[in-house]
Amino acid sequence: MKYKTSRYNYYLNIDNDSYVYNLVSGSIIKLSDGLLCFLKENNDNSIDSNIFNDTILNILDKHRIIIPDQFNE
């Protein structure tokens with residue numbers, strides 16, 4: 001399945017930690033620096049779900065950090 005990042009994500013750095021806040025879900029999630037960079041760099045691109053392990057994919061999907069590619073926000 002293809003995903004894209006939500007247009008309602010806001011990326012934050014607080015005390016040297018990286019977070020993403022989604023306005024729709026109200027969720028704030030602490031991210032690794034690598035995942036933060038990946039999400040920001042692929043903001044306008046389709047993301048193949050196979051690049052994430054199941055745990056990360058489920059967390060990002062559940063909190064609407066990533067959404068199905070065909071979904072219109």
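Hydrogens, waters and symmetry mates are skipped; everything else that's a heavy atom, side chains included, is used.
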Step-by-step side-chain contact (heavy atoms from CB on, under 4.5 Å) determination, N22 to Y10: CA-CA 6 Å; N22 183 277; Y10 286 89; over 6 Å; no
Please walk me through it: do I29 and I59 pass side-chain contact (heavy atoms from CB on, under 4.5 Å)? CA-CA 9 Å; I29 307 236; I59 290 170; 3.7 Å; yes
May I have the step-by-step check of side-chain contact (heavy atoms from CB on, under 4.5 Å) for L35 and F52, ending in yes or no? CA-CA 10 Å; L35 184 53; F52 299 115; 3.8 Å; yes
How far apart are the C-alpha atoms of L31 and Y19, what are their side-chain angles, what is the distance that settles it, and do they pass the side-chain contact (heavy atoms from CB on, under 4.5 Å) test? CA-CA 5 Å; L31 302 174; Y19 297 89; over 6 Å; no
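Both L12 and V24 are part of a single hydrophobic cluster, where members link through side-chain heavy atoms under 4.5 Å apart. Cluster membership for Y21 and Y8, using ILVMFWY side-chain heavy atoms within less than 4.5 angstrom, is shared. Side-chain heavy atoms closer than 4.5 Å link hydrophobic residues (I, L, V, M, F, W, Y) into clusters, and following such links, possibly through other members, connects I56 to V20.
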Donor-acceptor pairs under 3.5 Å, side chain of residues 61-69 to any protein atom, not counting sequence neighbours: which ones?
residue	atom	partner	partner atom	Å
H63	ND1	S27	OG	2.7
D69	OD1	S46	OG	3.3
D69	OD2	S46	OG	2.8

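Of the possible donor and acceptor atoms, none in the side chain of K4 sits under 3.5 Å from a partner among the backbone N and O of N42. Counting only distance, with no hydrogens or angles, the side chain of N53 and the backbone of T55 share a donor-acceptor pair below 3.5 Å. Between the side chain of E73 and the backbone N or O of R7 there is at least one donor-acceptor pair closer than 3.5 Å.
Residues forming a salt bridge (Lys or Arg N to Asp or Glu O under 4.0 Å) with K2 (at least two apart in sequence, or on another chain): none.
Of the inter-residue distances, the one linking N9 atom CG with S25 atom OG reads 8.0 Å to the nearest 0.5 angstrom. If you take CZ on F38 and OG1 on T5, they are separated by 9.5 Å, rounding to the nearest 0.5 Å. In this structure, the separation between CG on L60 and OG on S49 is 11.5 Å, given to the nearest 0.5 Å.
Residues D48 and M1 come closest through the heavy atom pair OD1-O, 3.8 Å. Among all heavy-atom pairs drawn from I51 and I47, the shortest one is CD1-CG2, 3.7 Å.
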